[in-house]
Amino acid sequence: MSELNKIALKIISNGKGILAADESNGTMTKRLEAVNVASTSENRLLFRQTLFSSEGMKKYIGGVILYDETINQTTNFGKSIPDLISSSGAIPGIKVDTGAKILANSSEEKITEGLDGLRERLNKYYKLGARFTKWRGVYTISNKYPSKLAISSNAHALARYSALVQESKMVPIVEPEVLMDGDHSADICLRKTSEVIKKCFDELILHKVDLTGIILKPNMILSGSKSKGQISNEEISQKTLECLKNSVPNEVPGIAFLSGGQSEIEATKNLNLINQNNYTKFIMTYSYGRALQQSALGIWSKNIKDIDATQNTFNHRAKMCSLATQGKWSNKLENK
Ligand code: 13P
């Protein structure tokens, strides 16, 4: 078993998943302003250190994805953020892309940037304690999109990123996110997502990436958020499994879904059914941002000094997600 495979498995095995706390300062400002908290670096740190010090972290979180600001911060009790995460038994990770920009010659689509100087940045993050990384490609669905150009250029970037990350002895999270915005059907989402993921693996293989040392972070197969033809949770799980079974090579150790704008309960329920029905050999877990933090952020915003209330809310959410990785979640446990 390679070192990279061991790290990947440590992050996603035993009912654990990933806490995606890597919101850029811009995104975090939107999240904090939505709950009327000032987006200062102290407040961003306070919310995050509250989650990272919780019991739920120890039991249910195998890895945390950080943003550059956070990985460099020290808590008000004197521990660095990577040390705080490691002391809970989880592995610190870091978002290394620098964001999605307009794609030349397909101006309504995006290409993710950040390859220039990446090798040097990776060395710096390794020294700070990171052992895995994230890069997100983003695709929209419409009758013309995602275009072949967007599919191909983002897959190329994800593969070059992954090769550099493995060279630096870290595990790349490969995140091709097909957005749920739009009025498309779930079958179109299935077709487009499959095309996107297959192209990513063509490029990963071309760039000689060790597929046993990556984690795939895809979207689930959903109808567009404005579609009139919403499908059941059972159908979501079946279509998601069909997509991954047919597009992901068997060497990949695991899949950690993004929540992508689903509510906390929907994201949990869908993951639970995916695991109840799982006929693939992949571990299926969570790498949720909003679906792990939304309620906790709401509670925290009412009194940012009330550590217990915030942690209790986070602990419950993380526990529900962990139960979903074992297909053991239920409405009854949710509301207990
Ligand atoms: P969400 O779960 O809120 O979609 O965030 C996950 C993530 O890391 C997006 O890149």
Side-chain angles (χ1 to χ4, degrees), residues 11-12 16-32 34-35 44 47-48 51 60-71 90-101 110-114 130 132-140 154 157-158 161-162 171-181 189 193 196-197 200 214-222 224-225 236 240 254-271 274 284-298 314 317-318 320-322 324-325:
I11 297 170
I12 58 176
K16 291 193 174 181
I18 299 169
L19 169 58
D22 61 323
E23 298 86 357
S24 64
N25 286 350
T27 303
M28 199 58 188
T29 297
K30 268 191 244 160
R31 304 259 191 275
L32 291 177
V35 293
R44 293 192 288 270
F47 178 62
R48 286 163 167 158
L51 300 190
Y60 312 118
I61 303 295
V64 181
I65 319 174
L66 300 167
Y67 181 61
D68 180 73
E69 176 184 69
T70 324
I71 200 171
I91 299 183
I94 179 78
K95 185 225 302 283
V96 298
D97 67 65
T98 55
K101 311 281 158 60
K110 298 219 166 125
I111 177 71
T112 302
E113 296 191 344
F132 76 103
T133 65
K134 180 188 112 170
W135 178 290
R136 170 176 175 261
V138 58
Y139 311 80
T140 43
N154 276 296
L158 276 163
Y161 141 81
S162 298
V171 168
I173 293 191
V174 175
E175 181 179 9
E177 177 174 7
V178 180
L179 296 172
M180 63 196 275
D181 305 349
C189 178
T193 303
V196 162
I197 294 178
C200 286
I214 72 162
I215 296 168
L216 180 69
K217 175 164 174 166
N219 49 287
M220 293 178 190
I221 303 301
L222 308 168
S225 52
I236 290 170
T240 302
I255 288 167
F257 293 99
L258 57 94
S259 59
Q262 298 180 72
S263 70
E264 291 177 339
I265 305 290
E266 281 293 297
T268 310
K269 205 185 257 186
N270 288 333
L271 181 63
I274 287 169
M284 302 275 189
T285 186
Y286 47 92
S287 176
Y288 292 164
R290 283 162 286 181
L292 271 172
Q293 301 179 93
Q294 216 153 24
S295 296
L297 182 63
F314 176 73
R317 196 70 257 129
M320 293 302 110
C321 288
S322 175
T325 68

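Note that ligands are numbered from 1 as they come in the structure, with each ligand's atoms numbered from 1 the same way. Basis for what follows: all heavy atoms, side chains included, without hydrogens, waters or symmetry-related copies. All residue numbers in this chain count up from 1 along the given sequence.
Here the shortest heavy-atom pairing between N270 and M220 reads CB-SD, 3.5 Å. Of all heavy-atom pairs spanning P176 and N219, the tightest one is O-OD1, 3.6 Å. For the pair L271 and Y286, the tightest heavy-atom approach, listed with the atom from each and the gap, is CD2-CD2, 3.7 Å.
Close approach to R136 involves these atoms of ligand 1, each under 4.0 Å from a residue heavy atom: 10 (O). Atoms of ligand 1 lying under 4.0 Å from any heavy atom of Y288, numbered from 1 in the order shown and given with element: 2 (O).
Considering backbone and side-chain atoms together, A291 places no N or O closer than 3.5 Å to any N or O of ligand 1. In terms of polar-atom proximity, defined here as any N/O pair under 3.5 Å, A20 makes no such contact with ligand 1. Polar contact check, K134 against ligand 1: a nitrogen or oxygen pair lies under 3.5 Å apart.
Proximity of S259 to ligand 1, defined as any heavy-atom pair under 4.0 Å, is shared by backbone and side chain alike. When heavy-atom distances to ligand 1 are checked against a 4.0 Å cut-off, D22 comes that close only through its side chain, counted from C-beta outward. Using a 4.0 Å cut-off between heavy atoms, R290 contacts ligand 1 through both its backbone and its side chain.
Nearest to atom 4 (O) of ligand 1 among the protein's heavy atoms is G260 N, 2.7 Å. At the top of the distance list for atom 5 (O) of ligand 1, counting protein heavy atoms only, stands G289 N, 3.6 Å. With respect to atom 7 (C) of ligand 1, the closest heavy atom belonging to the protein is K217 NZ, 3.2 Å. Looking from atom 9 (C) of ligand 1 to the surrounding protein, the closest heavy atom is E175 OE2, 3.4 Å.
Looking at heavy atoms from C-beta onward, T240 lies out of side-chain contact with M284 at the 4.5 angstrom threshold. By the 4.5 Å heavy-atom criterion applied to side chains, Y161 and T112 are not counted as neighbours. With a 4.5 Å cut-off on side-chain heavy atoms, L32 and R44 count as touching.
Contact check on R48 versus E23 returns a salt bridge, with a Lys/Arg side-chain nitrogen under 4.0 Å from an Asp/Glu carboxylate oxygen.
For the 3.5 Å distance criterion, the side chains of T27 and Y67 fail to qualify, holding no donor opposite an acceptor.
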